[in-house]
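I have placed the structure first, in the form of C-alpha cells, so that the comments after it can refer back to it.
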Amino acid sequence: MPRVKCEDLCPEWPCEQPEEFKNVWVYGEIEPGRGIREPSLQMLTPARKIAEKLEGKVVGLLIGHQVTAYADDFIKYGADEVLVVDDERLKEYYPDVYGHVIVQLSLKYKPEVILLAATMRGRELGPYVANTLRAGITADCTDFDVDEKTRDVLLIRPPFAAIMLAYIRTPFRRPQIGTARPNVFPLPPRDESRRGEVILEKVDIPKPRTRLLKRIRIEKREVPIEKAEVIVSGGKGLGSPEGFKLLQRLADMLGGVIAGSRKAVDAGWIPPERQVGQTGRSVKPILYIAVGISGAAQHMIGVREAGRIVAINTDPDAPIVRQADYSIIGDYREIVPAIIEELEELKRKGPKAIEELLK
Ligand SMILES: Cc1cc2nc3c(=O)[nH]c(=O)nc-3n(C[C@H](O)[C@H](O)[C@H](O)COP(=O)(O)OP(=O)(O)OC[C@H]3O[C@@H](n4cnc5c(N)ncnc54)[C@H](O)[C@@H]3O)c2cc1C
C-alpha cells in the first residue's frame, strides 16, 4: 500500500520525515536507592518485538541523580544501549524538568518509538513529551505490532465500552509514543551475558516550575493486588458485601488477598484499588480464583498474566468458564465453605498431607 501523501493531509507538512527516526526507547523509572522499577523493565518485552520488526535497537533511558549504575540492569534485561542523564539537579522528580530532558534527547537522537510504563509518572511524562513534540500517544496499550510496509507501529488497546480491539497508528508524526499498564507484559528474563553501550548525555536542565515542600509516606498495610501471588476475586454474583468476608477467609488460608470486578467496586463492596481489569489493575498471581465473576473482556484483560485461573460460577455457560483452567459450577455459598473446610482439614493433618496432595 503506497504511503498517503503527507502534504495532502497534514497542515504542518513539511515536517521531519519518518525515515529519519530510528530505535525504540524505553523510559526507565527509578525507585530511589533500589533501581529501575519492574513495570519499566516489563516494557522491554514489547520494545524488543517492535525493534526486531523495525530492525532497530532497544534503547533504555535513565534520568536522575546517581542512576548510571542501573544502566547495566537495563542491558541485562534486554536493552542494547542506555542513554543516561545523571545530574544532581535531577535528584527530585519534576514532570516539567524530566519531560524537558526527554524532549531534548528526542530532538537530538530522533527515536522512532518511545514506550513508558503507565505508572503515575509514565502517565504524566508520556503526554508531556507527546504534546511538546506534537506527536501522538496511545495510553494503556495491551499489545503492539508493526505494519512492516509503512513501518507504522500499531498501538493496540481496547476502546472504551467495546469488546473489540482498536489498532491505532500515527503515520505522520514521530516518535510514536505508547504506554502500557504494569503487568500487562511479562518481565523479560535477565541475561547476565548481555553487553551494551552506555552513553552519558549532558542536556540543558531547566528550573522546575513547582517546588517540593514535603514528602509524606502513605503506610500500606495490605499487599497491593499487583504483587499478590494468590488472589481470591469476587463479582456481582456474590450478591452482597458479606460474600467478601467469606472470600477473605479463603484468601487468608491461601496466603492471598481479595480483589473484585468493577461491578463489585461500583456496588461499594470492595475499594477501587482492588479492581481487576481494563479500568482497574492488571495482576499476575500464580492462582486467581474468580468467584461470581462472569468473565467480561474488560475484566479478563487484567488477568492475562495470571498463572492458573479457577472459576466458581453457577452458570456453566459464563464466559469465564471457557477461559478458566478449572471451573467449579455451583453456588459459591456452598463451594467456598467446602474448600475452606477441606483446607482446614489438610492443615490439621500437617505438611505431609499437603505434600501428598500435591504429588
Ligand atoms: C469501558 C469499560 C471498562 C470496564 N472496565 C472493567 C474493569 O476494569 N474490570 C471489570 O471487572 N469490569 C470492567 N467493566 C465492566 C465489565 O464489562 C462487566 O460489566 C463486569 O466485569 C461484570 O462484573 P461481574 O462479572 O462481577 O458481574 P456479572 O457480569 O453480573 O456476573 C456475575 C456472575 O456471577 C454468577 N453468579 C451469580 N450468582 C452466583 C452464585 N451464587 N455463585 C456463583 N456464581 C454466581 C453469574 O452466573 C455471573 O456469571 C468495564 C466496562 C466498560 C464498558
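We count ligands from 1, going down the list as the structure has it; atoms in each ligand are counted the same way. Predicted model only: the values in this text are computed from it and were never measured. Computation of the quantities below employed the complete heavy-atom set of this structure, encompassing side-chain atoms and omitting hydrogens, waters and symmetry-equivalent molecules.
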Any donor-acceptor pair under 3.5 Å linking the side-chain atoms of Asn23 with those of Glu112? no

Which is closest to atom 29 (O) of ligand 1 in terms of heavy atoms, Ser294, Gly302, Ala297? Ser294

Could you pull out, from Gln298, Gln275, Lys236, the option with a heavy atom nearest to atom 14 (N) of ligand 1? Gln298

Ser282 and Glu305: side-chain donor and acceptor closer than 3.5 Å? no

Atom indices of ligand 1 within 4.0 angstrom of Arg333 heavy atoms, with elements: 41 (N)

Output yes when the distance from some N or O of ligand 1 to some N or O of Gly280 is under 3.5 Å, and no in every other case. yes

Run the numbers for me: atoms of ligand 1, each under 4.0 Å from some heavy atom of Asp331, listed by number. 40 (C), 41 (N), 42 (N)

If you measure from the Lys or Arg side-chain nitrogens to the Asp or Glu carboxylate oxygens, is any gap between Arg322 and Asp317 under 4.0 Å? no

Near Gly330, which atoms of ligand 1 are under 4.0 Å from a heavy atom of that residue? 42 (N), 43 (C)

Is the cationic atom of Arg121 (NZ for Lys, CZ for Arg) positioned less than 6.0 Å from the six-membered ring centroid of Tyr98 and within 45 degrees of its normal? yes

Looking only at side-chain N and O atoms, does Asp86 offer a donor or acceptor that is under 3.5 Å from a partner on Thr68? yes

Gly239, Gly292, Ala296: member with heavy atom nearest to atom 33 (C) of ligand 1: Gly292

Note: heavy atom closest to atom 39 (C) of ligand 1, options Ala290, Ala311, Gly237, belongs to Gly237

When you measure from the heavy atoms of Gly260 to every atom of ligand 1, does any distance fall below 4.0 Å? no

Filtering Ile328, Val276, Thr279 for the heavy atom nearest atom 9 (N) of ligand 1 leaves Val276

Gly235 heavy atoms within 4.0 Å reach ligand 1 at atoms 26 (O)

Regarding Glu124 and Tyr93, do their side chains bring together a donor and an acceptor under 3.5 Å, going by distance alone? yes

With distance as the sole criterion, is a donor-acceptor pair present between the side chains of Arg262 and Thr279 under 3.5 Å? yes

Nearest heavy atom to atom 35 (C) of ligand 1 wins, so pick from Leu238, Asn313, Val265. Asn313

Distance alone, cut at 3.5 Å: any donor-acceptor contact between the side chains of Tyr288 and Ser233? yes

